[in-house]
Amino acid sequence: MTQSVLYTGGAGRMGTVLREGLSGEFGRVVLYLRETVTEVFEREEVINGELHDLDGLADAMRGVDVVVHLAGIADEASWDDILTSNIEGTYAVFEAARRAGVRRVVYAGSHHVVGFYPASERVGTEHPVRPDSYYGVSKVFGEGLARLYHDKWGLEVVCLRIGCFRPEPEDVRQLSAWLSHRDGVELVRRSVLAPDVGFTIVYGVSANTRGWWDNREAAASIAYVPRDDAEAYADRFSPDDPPPTVHGGAFADEAYRGGVW
Ligand SMILES: NC(=O)c1ccc[n+]([C@@H]2O[C@H](COP(=O)([O-])OP(=O)(O)OC[C@H]3O[C@@H](n4cnc5c(N)ncnc54)[C@H](O)[C@@H]3O)[C@@H](O)[C@H]2O)c1
């Protein structure tokens, strides 16, 4: 109960589910937001600000132990938008954390850093990245920046390569990539509370029978053990549905410009 946590992007789709699921588990919770939030949970305080406001971010982080960095564009978008929110915004978060003396950043990365791997191939965190989009490239940048801040300034970082965080899988690809809400809450709980994480990259995925990602690192470094399996929903999809060809699905298509979540 001693942990003090700051969320960026806490009013988004993931943030809303995570904050409710973890409500009451941390001593103090700061929401650094650019929008108004409809529901404020136990012990939460709101600070309004933009991601690029480094001074404002650093002020908001004073006395905070762990930053959970969720804010950003969560889809493919124009290079300019990705640059502003996901690259410059993520730099501001890590730099503000360093200046404020934050101990750990939990970084919401994405499986789209390996989105161009063929669906026939299983990958771990030691495989070279194969981003499928500008979005995926921005998440590669985030992992690189995280490594720099760990190696140079000793910041602890857990990089989460999040799959598809949904109440239920929505298509055949998500039978491999699904992260249930229950497992996602546990993933972030472990990322905040696990002792001595150093620098670690883990996949944010449930225990899917058709899973593509070797996630032994997650069990070893943060003791994350998922409980849900997308296979329980497999009969919802027709055997005629085309199987995924690559891990990233439509993000890898040349024509994909971002879609509906
Ligand atoms: N939802 C998923 O399945 C999924 C999968 C992989 C990775 N992720 C990552 O997890 C994080 C959260 O995803 P989400 O689905 O909740 O996204 P979301 O779009 O619902 O929420 C993102 C939040 O970030 C804020 N934001 C964006 N740019 C900002 C800026 N420049 N300054 C301040 N705030 C800004 C938005 O206002 C919003 O509240 C994102 O970083 C996303 O890339 C999500």
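Just follow the structure's listing: the first ligand is 1, and inside any ligand the first atom is 1. Source: prediction; values computed, not measured.
Side chains of R103 and Q3: a donor-acceptor N/O pair is present below 3.5 angstrom, by distance only. Remark: the W212 side chain and the H111 side chain contain no N/O donor-acceptor pair separated by less than 3.5 Å. Donor-acceptor pairing under 3.5 Å is lacking for the side chains of T84 and H52.
Here the straight-line distance linking atom CZ of F165 with atom CH2 of W178 works out to 10.5 Å at 0.5 Å rounding. Rounding to the nearest 0.5 Å gives a distance of 9.0 Å between CD of E44 and CD of E39.
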Distance-only donor-acceptor hits, side chain of residues 137-146, under 3.5 Å, sequence neighbours excluded:
unit_1: S138; atom_1: OG; unit_2: N86; atom_2: ND2; d: 3.2
unit_1: S138; atom_1: OG; unit_2: Y135; atom_2: O; d: 2.6
unit_1: K139; atom_1: NZ; unit_2: A108; atom_2: O; d: 2.8
unit_1: E143; atom_1: OE1; unit_2: R161; atom_2: NH2; d: 2.9
unit_1: E143; atom_1: OE2; unit_2: R161; atom_2: NE; d: 2.8

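Within the 4.0 Å heavy-atom criterion, the part of C164 lying near ligand 1 is the backbone and not the side chain. With a 4.0 Å heavy-atom cut-off, ligand 1 is reached by the side chain of K139 but not by its N, CA, C or O. Within the 4.0 Å heavy-atom criterion, both parts of M14, backbone and side chain, lie near ligand 1. Only side-chain heavy atoms of E35 come within less than 4.0 Å of ligand 1; its backbone N, CA, C and O stay farther off. Using a 4.0 Å cut-off between heavy atoms, R166 contacts ligand 1 through its side chain alone, with no backbone atom that close.
With ligand atoms numbered from 1 in the order given, ligand 1 contributes 3 (O), 5 (C), 6 (C) to contacts under 4.0 Å with heavy atoms of G163. Residue E50 has at least one heavy-atom neighbour below 4.0 Å for each of these atoms of ligand 1: 32 (N). Of all atoms in ligand 1, listed by their number and element, those nearer than 4.0 Å to a heavy atom of Y135 are 6 (C), 7 (C), 8 (N), 9 (C), 42 (C), 43 (O). Against a heavy-atom cut-off of under 4.0 Å, F165 is close to the following atoms of ligand 1: 2 (C), 3 (O). Near G12, the atoms of ligand 1 lying under 4.0 angstrom from a non-hydrogen atom of the residue are 16 (O), 20 (O), 21 (O), 39 (O). Atoms of ligand 1 found under 4.0 Å from any heavy atom of L70, numbered from 1 in the order shown, are 11 (C), 12 (C), 40 (C), 41 (O). Atom numbering of ligand 1 starts at 1 in the shown order; those under 4.0 Å from a heavy atom of G109 are 6 (C), 7 (C).
Taking only nitrogen or oxygen atoms, main chain and side chain alike, G49 does not reach within less than 3.5 Å of ligand 1. Between S110 and ligand 1, no N or O atom pair is found at a separation short of 3.5 Å. Taking only nitrogen or oxygen atoms, main chain and side chain alike, R13 reaches within less than 3.5 Å of ligand 1.
Cation-pi contact between R190 and Y224: absent, since separation from the ring centre below 6.0 Å together with deviation from the ring axis within 45° is not met.
Remark: side-chain polar atoms of D132 are not paired, donor with acceptor, to backbone N or O of F116 under 3.5 angstrom.
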